[in-house]
Structures are given as structure tokens and as C-alpha cells.
Participant: 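Below you will find the structure I want to go over with you.
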Amino acid sequence: MPTSYQAPMRKDQAKTRTQSQTTTSNLQPEAATVAHLLSGKGGDVFAIKPEETLGEAVKVLRDRRIGALVVTDVSGALCGILSERDIVRKLADTPGQTLPKQVRDIMTKTVETCSPNEALVSVLKRMTTGKFRHMPVVQGGQLAGMITIGDVVNFRLTELEHEALQLKQLIVG
Ligand SMILES: NC(=O)C1=CN([C@@H]2O[C@H](COP(=O)(O)OP(=O)(O)OC[C@H]3O[C@@H](n4cnc5c(N)ncnc54)[C@H](O)[C@@H]3O)[C@@H](O)[C@H]2O)C=CC1
Ligand SMILES: O=c1[nH]c(=O)c2[nH+]cn([C@@H]3O[C@H](COP(=O)(O)O)[C@@H](O)[C@H]3O)c2[nH]1
């Protein structure tokens, strides 16, 4: 069965979204890190095993309303990533025969990851260069979260809204 990997909750992840937005609202854009983003989003990671079928994977993607799954081995260690793009490409290559195939057949096996203390700007640059939109977060060899290009854009938009509000309060008094 596909698993949802519940990463251990760190103290900073226990904050509510409102608290995290308050604490990050004075950050310079280049100072914001993956940990700042995860403190609002949390460290849950949806994962699947390499021997599961693509049929199982698409059901998890649908049910969780997400675009990628990390692939973990029996010990829970990261061994790949499977995104909707991998599945679409395989559907085009092997029409009608794709869903019974195993996740390990098409997953990306060498996965570029980030750490909680990496700057979001740096992660965005690596996502742009590598042409991928999902990146697992790893800390001390353990999965600590998942971030997407959408998360980073959303985080920055929230920051901009706070900055605009602060400016307005300064002007109005
Ligand atoms: N991510 C966001 O906060 C928002 C995203 N959008 C838009 O929605 C579209 C798709 O969203 P994306 O975030 O880029 O991709 P997505 O649809 O794969 O991810 C949606 C959410 O689920 C999380 N997620 C994805 N895979 C996960 C996994 N395996 N384990 C744990 N969490 C996982 C992501 O971090 C994100 O918060 C984009 O066009 C984006 O601009 C719009 C508003 C906010
Ligand atoms: O090295 C990697 N580190 C990552 O964090 C990562 N995320 C996605 N992928 C692979 O990139 C392709 C596009 O993925 P997206 O649907 O996430 O844009 C697909 O082939 C994905 O398997 C990654 N490769």
C-alpha cells in the first residue's frame, strides 16, 4: 500500500501558519530559507514504494491532489522521485500498457534534494536549471518535507502582502 511518510515534527514546524507568517514577514527575500517555508506548510511527505504500480501511484496523486511522490525503500530512505510528468511521458511511450508497470521502472533515481537551511532563492534557481518543480527536503539523511515551485511563489506572495501592509501602516500611521 502507498504510504504517507510523516516526518518528525520539529519545534519550528509546530507553529501555526499565522505565527510563521508573522515571524518571517521582516525577512529580506534572499534570507528566506526552506525551513521558513516548511514552518508554515509542515513536514509531511507522501511516499510510495518502488515495487508499487503506476496505477497505485496515479490514485495517490489524484486523492492527495499533488503532482509528485517521493519513492522510499523498505528502510524509509529516499530512493527516487516520481512526478506526473514521468507518468505522462510513459503513457505516450507505451499506450494502454503503462499503469501495470512498477514505479521503479520510470522514477528518477538520482534525486537532487535540498536542506532546511538552504535559501529559497537558491532552491528556485536549482529547480529552474534542473527543470523540475518538486524537491524533497532532507535533513540528517531523513526526509523532512517536500517543496514545490508553487510553494515558493505562494510564500513570496504572502511576504509581499505583509510588506505592502507594513508600508501602508507606516504611511497611514
Ligand atoms: N503550492 C501552493 O501553495 C500553491 C500552488 N498554486 C498553484 O497550483 C499549481 C500546482 O501546485 P504546486 O505546488 O506547484 O504542485 P503540487 O500540486 O504538486 O503541490 C500542491 C501542494 O502539495 C504539496 N506536495 C506535493 N507533493 C507532495 C508530496 N509528495 N508530499 C508532501 N507534500 C506534497 C506541495 O508542497 C504543495 O504544497 C501551480 O500552478 C501553482 O502555482 C496556487 C496557489 C498556492
Ligand atoms: O533530481 C531531481 N530532483 C528533484 O527534486 C526532482 N523533482 C522532480 N524531478 C524529476 O524532474 C522531472 C520533472 O519533474 P516535475 O514534475 O517535478 O517538474 C521528472 O522526471 C521528475 O522525476 C526531480 N529530479
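Each ligand, and each atom within it, is numbered from 1 in the order the structure gives. Residue numbers run from 1 in the order of the sequence given.
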Participant: Name the option, out of H134, K109, M127, that contains the heavy atom nearest to atom 7 (N) of ligand 2.
Facilitator: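 Nearest heavy atom to atom 7 (N) of ligand 2 lies in H134.
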Participant: State which residue, out of T113, V111, V71, fulfils the side chain to side chain contact (heavy atoms under 4.5 Å, CB included) condition with I81.
Facilitator: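 One option only clears the test, and that one is V111.
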Participant: Do any non-hydrogen protein atoms sit less than 4.0 Å from atom 9 (C) of ligand 1?
Facilitator: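 Protein heavy atom within 4.0 Å of atom 9 (C) of ligand 1: absent.
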Participant: Any side-chain heavy atom of D151 sitting closer than 4.5 Å to one from K41?
Facilitator: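 SC-SC contact between D151 and K41 confirmed.
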Participant: At a 4.0 Å cut-off, with the gap strictly under it, does some heavy atom of V153 reach an atom of ligand 1?
Facilitator: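 No, V153 has no heavy atoms under 4.0 Å from ligand 1.
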Participant: Using a 4.0 Å cutoff against the non-hydrogen atoms of M135, which atoms of ligand 2 qualify?
Facilitator: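 Per the distance check, 5 (O).
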Participant: Could you report the tightest heavy-atom contact between H134 and T148, atom names first, then the distance?
Facilitator: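 Answer, listing the atom of H134 first, then T148: CD2-CG2, 3.3 Å.
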Participant: Which protein non-hydrogen atom lies closest to atom 30 (N) of ligand 1, naming both residue and atom, and how far is it?
Facilitator: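 Going atom by atom, the protein heavy atom closest to atom 30 (N) of ligand 1 ends up being F46 N, 2.8 Å.
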Participant: If the cut-off is 4.0 Å to any non-hydrogen atom of T108, which atoms of ligand 2 fall inside it?
Facilitator: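 The atoms of ligand 2 under 4.0 Å from a heavy atom of T108 are 10 (C), 20 (O), 21 (C), 22 (O), 24 (N).
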Participant: Of the non-hydrogen atoms in P136 and L143, which two are nearest, and what is the gap between them?
Facilitator: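 Here P136 and L143 meet closest at CB-CD2, 4.0 Å.
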Participant: Taking the side chain as everything from C-beta on, heavy atoms only, tell me whether V152 gets closer than 4.5 Å to L37.
Facilitator: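 Answer yes - side chains close enough.
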Participant: Can you tell me the protein heavy atom closest to atom 20 (C) of ligand 1 and the distance?
Facilitator: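 Result: R65 O, 4.2 Å.
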Participant: Provide the closest heavy-atom pair for L82 versus A57 in the form atom of the first, atom of the second, distance.
Facilitator: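 Minimum heavy-atom separation between L82 and A57: CD2-CB, 3.6 Å.
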Participant: Taking side chain as C-beta onward, heavy atoms only, is M135 less than 4.5 Å from M146?
Facilitator: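 Side chain of M135 against side chain of M146, heavy atoms only: no contact under 4.5 Å found.
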Participant: Among all protein heavy atoms, pick out the one at the shortest distance from atom 27 (C) of ligand 1; state its residue, atom name and that distance to 0.1 Å.
Facilitator: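 Here the closest protein heavy atom is M146 CG, 3.6 Å.
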Participant: Can any side-chain N or O of K49 pair as donor or acceptor with the backbone N or O of V74 at less than 3.5 Å?
Facilitator: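 It does not hold such a pair.
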Participant: A side-chain contact here means heavy atoms from C-beta on lying under 4.5 Å apart; do K101 and T94 qualify?
Facilitator: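 Sidechains of T94 and K101: in contact.
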Participant: Please report the closest heavy-atom contact between G80 and M107, naming both atoms and the distance.
Facilitator: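 Taking G80 first and M107 second, the nearest heavy atoms are CA-SD, 4.1 Å.
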Participant: Which residue from H134, K41, R64 reaches closest to atom 32 (N) of ligand 1 through any of its heavy atoms?
Facilitator: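 Answer by nearest heavy atom: K41.
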Participant: Would you kindly specify which portion of D86 sits under 4.0 Å from ligand 2, judged on non-hydrogen atoms: side chain, backbone, both or neither?
Facilitator: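 Answer for D86: side chain.
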Participant: Among all the protein's heavy atoms, is there at least one whose distance to atom 6 (N) of ligand 1 comes out below 4.0 Å?
Facilitator: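 Neighbour list for atom 6 (N) of ligand 1 is empty of protein heavy atoms (cut-off 4.0 Å).
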Participant: Measuring from the heavy atoms of R89, does anything fall under 4.0 Å of ligand 2?
Facilitator: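 Yes, that is the case, since the closest heavy atom of the residue is under 4.0 Å from the ligand.
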Participant: Could you identify the single nearest non-hydrogen protein atom to atom 14 (O) of ligand 2 and state the distance to 0.1 Å?
Facilitator: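 Sorting protein heavy atoms by distance from atom 14 (O) of ligand 2 puts S83 OG, 3.4 Å first.
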Participant: Of all the non-hydrogen atoms in the protein, which one sits nearest to atom 26 (N) of ligand 1, and at what distance?
Facilitator: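 Going by distance alone, atom 26 (N) of ligand 1 is nearest to A68 O, 3.4 Å.
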Participant: Within less than 4.0 angstrom of ligand 1, does R133 place any heavy atom?
Facilitator: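 The answer is no, since R133 has no heavy atom less than 4.0 Å from ligand 1.
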Participant: Given the protein's heavy atoms, is any one of them under 4.0 Å from atom 24 (N) of ligand 1?
Facilitator: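 When distances to the protein are checked, atom 24 (N) of ligand 1 has a heavy atom within 4.0 Å.
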Participant: Checking a contact table here: which protein heavy atom is nearest atom 22 (O) of ligand 1, and how many Å away?
Facilitator: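 Going by distance alone, atom 22 (O) of ligand 1 is nearest to I66 CG2, 3.4 Å.
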Participant: Looking only at side chains, do H36 and T33 share a donor and an acceptor under 3.5 Å apart?
Facilitator: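 A pair is found: one side chain offers a donor N or O, the other an acceptor, under 3.5 Å apart.
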Participant: Do the non-hydrogen side-chain atoms of T158 and H162 ever get within less than 4.5 Å of each other?
Facilitator: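 In short, these two side chains touch, coming nearer than 4.5 Å.
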Participant: Could you check atom 11 (O) of ligand 1 against the protein and tell me its nearest heavy-atom contact, residue, atom and distance included?
Facilitator: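 Looking only at protein heavy atoms, the one closest to atom 11 (O) of ligand 1 is G150 CA, 4.7 Å.
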Participant: Is the shortest side-chain N to carboxylate O distance from E52 to R104 below 4.0 Å?
Facilitator: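 R104 and E52: not salt-bridged.
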Participant: Which of the atoms in ligand 2, numbered in the order shown and given with their element, are less than 4.0 Å from a heavy-atom of T110?
Facilitator: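 Counting atoms of ligand 2 from 1, those under 4.0 Å from T110 are 1 (O).
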Participant: What are the two closest non-hydrogen atoms of I66 and A68, and how far apart are they?
Facilitator: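 For I66 versus A68, the nearest heavy atoms are CD1-O, 3.4 Å.
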Participant: Using a strict cut-off of less than 4.0 Å between a Lys/Arg side-chain nitrogen and an Asp/Glu carboxylate oxygen, indicate whether R156 and E161 qualify as a salt bridge.
Facilitator: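 Salt bridge flag = no for E161 with R156.
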Participant: If you measure every N or O of E84 against every N or O of ligand 2, does any of those distances drop under 3.5 Å?
Facilitator: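 No - when backbone and side-chain N and O of E84 are compared with those of ligand 2, no distance drops under 3.5 Å.
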Participant: Can you tell if the side chain of C79 reaches within under 4.5 Å of the side chain of T72, non-hydrogen atoms only?
Facilitator: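 SC-SC contact between C79 and T72 ruled out.
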Participant: Show which atoms of ligand 1 fall inside a sub-4.0 Å distance from at least one heavy-atom site of V45.
Facilitator: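 Once the distances to V45 are compared, the set is 30 (N), 31 (C).
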Participant: Which residue holds the protein heavy atom closest to atom 13 (O) of ligand 1, what is that atom called, and what is the gap in Å?
Facilitator: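 Checking every protein heavy atom, the shortest distance to atom 13 (O) of ligand 1 gives T148 OG1, 2.6 Å.
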Participant: For atom 24 (N) of ligand 2, what is the closest protein heavy atom, and at what distance to 0.1 Å?
Facilitator: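 Going by distance alone, atom 24 (N) of ligand 2 is nearest to F132 CD2, 3.6 Å.
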Participant: What's the shortest distance from atom 1 (O) of ligand 2 to any protein heavy atom, and which residue and atom give it?
Facilitator: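 Going by distance alone, atom 1 (O) of ligand 2 is nearest to E112 N, 2.8 Å.
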Participant: Polar contacts were defined as any N/O atom of the residue lying under 3.5 Å from an N/O atom of the ligand; does this apply to R133 and ligand 2?
Facilitator: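 There is such a contact, yes.
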Participant: With a 4.0 Å heavy-atom cut-off (strictly under), which part of T148 contacts ligand 2: side chain, backbone, both or neither?
Facilitator: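 For T148, there is no contact with ligand 2 at all, from either part.
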Participant: Under a 3.5 Å distance rule, please check whether T129 uses its side chain to pair with a backbone N or O of K125 as donor and acceptor.
Facilitator: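 Side chain of T129 to backbone of K125: a pair is present.
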Participant: Looking only at heavy atoms of P136, does any of them come nearer than 4.0 Å to an atom of ligand 2?
Facilitator: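 Flag set, P136 near ligand 2.
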Participant: Report the member of V71, V70, N154 with the shortest heavy-atom distance to atom 44 (C) of ligand 1.
Facilitator: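 Closest candidate by heavy-atom distance is N154.
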Participant: Report yes if the side chains of S115 and V137 come closer than 4.5 Å at any heavy-atom pair, otherwise no.
Facilitator: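 No; the side chains remain at least 4.5 Å from each other.
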Participant: Among all protein heavy atoms, pick the one closest to atom 1 (N) of ligand 1 and tell me residue, atom and distance.
Facilitator: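 Its nearest protein heavy-atom neighbour is D151 OD1, 2.9 Å.
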Participant: Are any of the side-chain heavy atoms of P50 and Q102 separated by less than 4.5 Å?
Facilitator: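 When only atoms from C-beta onward are counted, Q102 and P50 do not touch, as no gap falls below 4.5 Å.
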Participant: If you measure from each non-hydrogen atom of R126 to ligand 2, which part falls under 4.0 Å: side chain, backbone, both or neither?
Facilitator: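 Neither part.
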Participant: Going by the order shown, which atoms of ligand 2 are within less than 4.0 Å of some heavy atom of K131?
Facilitator: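 So the atoms of ligand 2 that pass are 13 (C).
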Participant: Run the numbers for me: atoms of ligand 1, each under 4.0 Å from some heavy atom of G67, listed by number.
Facilitator: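 It comes down to these atoms of ligand 1: 16 (P), 17 (O), 18 (O).
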Participant: Check if L82 has a non-hydrogen atom at a distance under 4.0 Å from any atom of ligand 2.
Facilitator: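 Not so, L82 does not reach ligand 2.
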Participant: Distance below 4.0 Å between atom 36 (C) of ligand 1 and any protein heavy atom?
Facilitator: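 True for atom 36 (C) of ligand 1.
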